[in-house]
Amino acid sequence: MRTQVPGWRWRRNPLRRRSDVVEAWTVLVVAVLLFVVAPLAGVAAGLYAHDRAETLARTQRAERHQVHATVVGTASRRLPAAKGDREHPYRAQVRWTEPGKGTRTAMARVPGGTRADDVVTVWFDSRGRSVAPPPSRVAVWQHTVTIGVCAVGGAAGVVLLGHALERRIALRHRLDEWEREWARTGPRWTQPRA
């Protein structure tokens, strides 16, 4: 049975080695890095990503406009899809009326399963090209959380990798230390007694 004495590596005693003190400090530093610094890095990365994504979304909302259009043609390149697939968009010819500009026709992305004469919502940029809708608030927050979680995971991975490397080096030094000690004390124990 093994008895554990809390904080034995911190106390002064004749059995404490230098490597024990280094290991104790390393564990403390790793704990601080994992539980304080890594989450703060995730929050900082998430806030930065949120600011960038929010700016991009605002810019896209200003540059893009939504149009309710009627599908007048079939898909230009319809991909084979599962029956009832309404998720994968494809391009089709649509027609809509703009105030002051009359009726316009263009190729635009429409939802899967759309047929001729269906009314769809499409987005166009300032040049009249069909584009994806600007990111919603939910998409911005999803991006923020994803970047934050990835930053925490990346920081934790770097810390744990560094800790594993340090442990490997410390083990090598500890084994060398034991070898030197045994070289000093071993001959006294292995000599035949008269």
Side-chain angles (χ1 to χ4, degrees), residues 27-166:
V27 168
L28 180 66
V29 168
V30 166
V32 168
L33 289 173
L34 280 179
F35 297 115
V36 177
V37 176
L40 287 176
V43 168
L47 290 174
Y48 179 75
H50 179 76
D51 184 45
R52 298 290 304 250
E54 191 64 40
T55 302
L56 178 68
R58 254 187 263 118
T59 303
Q60 287 183 356
R61 281 186 212 113
E63 292 174 350
R64 299 175 180 189
H65 61 282
Q66 181 180 3
V67 173
H68 296 288
T70 304
V71 178
V72 293
T74 58
S76 59
R77 274 184 292 161
R78 190 167 193 169
L79 299 173
K83 189 174 183 178
D85 183 16
R86 298 194 59 82
E87 305 244 345
H88 296 68
Y90 60 94
R91 297 181 64 77
Q93 191 170 15
V94 296
R95 181 179 299 138
W96 72 99
T97 304
E98 278 192 31
K101 294 186 180 178
T103 303
R104 296 191 60 193
T105 304
M107 293 298 286
R109 294 181 205 175
V110 297
T114 304
R115 296 187 202 131
D117 296 327
D118 284 353
V119 176
V120 294
T121 301
V122 292
W123 287 84
F124 291 98
D125 64 6
S126 57
R127 296 181 190 155
R129 294 180 300 190
S130 175
V131 292
S136 65
R137 289 208 182 285
V138 172
V140 168
W141 277 105
Q142 285 174 339
H143 177 71
T144 300
V145 170
T146 301
I147 295 296
V149 167
C150 288
V152 168
V158 167
V159 168
L160 292 174
L161 184 65
H163 181 59
L165 182 64
E166 183 277 332

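Keep in mind the model is a prediction, meaning the values are calculated, not measured.
- Taking OG1 of T55 as the reference point, atom NE2 of H50 lies at 9.0 Å (rounded to 0.5 Å).
- Minimum heavy-atom separation, T144 to A49: OG1-C, 4.4 Å.
- Shortest non-hydrogen contact noted between S130 and A108 is OG-CA, 3.4 Å.
- W96 and H68 have their aromatic ring centers separated by at least 6.0 angstrom.
- Taking each heavy atom of A132 and R64 in turn, the nearest pair found is O-NH1, 2.5 Å.
- Heavy-atom minimum distance, A57 versus V140: CB-CG2, 4.2 Å.
- Minimum heavy-atom separation, A92 to V110: CB-CG2, 3.8 Å.
- Taking CD of E98 as the start and CZ of R104 as the end, the distance is 5.0 Å to the nearest 0.5 Å.
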Practice task
Walk me through it: do V72 and Q93 pass the test side chain to side chain contact (heavy atoms under 4.5 Å, CB included)?
Solution key: CA-CA 6 Å; V72 293; Q93 191 170 15; 3.7 Å; yes
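- The nearest pair of heavy atoms linking A41 to A151 is O-CB, 4.1 Å.
- Going from atom CG of D51 over to atom CG of L56 covers 11.5 Å, rounded to the nearest 0.5 Å.
- Distance OG1/T121 to CZ/R109: 15.0 Å, rounded to 0.5 Å.
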Handout entry: Stepwise side chain to side chain contact (heavy atoms under 4.5 Å, CB included) check, V29 with V159
Key = CA-CA 10 Å; V29 168; V159 168; over 6 Å; no
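- Other residues, nucleotides and ligands place more than 12 heavy atoms under 6.0 Å from the CZ atom of R61.
- When side chains are defined from C-beta on, P135 counts as touching Q60, because their heavy atoms get closer than 4.5 Å.
- Going from atom NE2 of H143 over to atom CD of E54 covers 11.0 Å, rounded to the nearest 0.5 Å.
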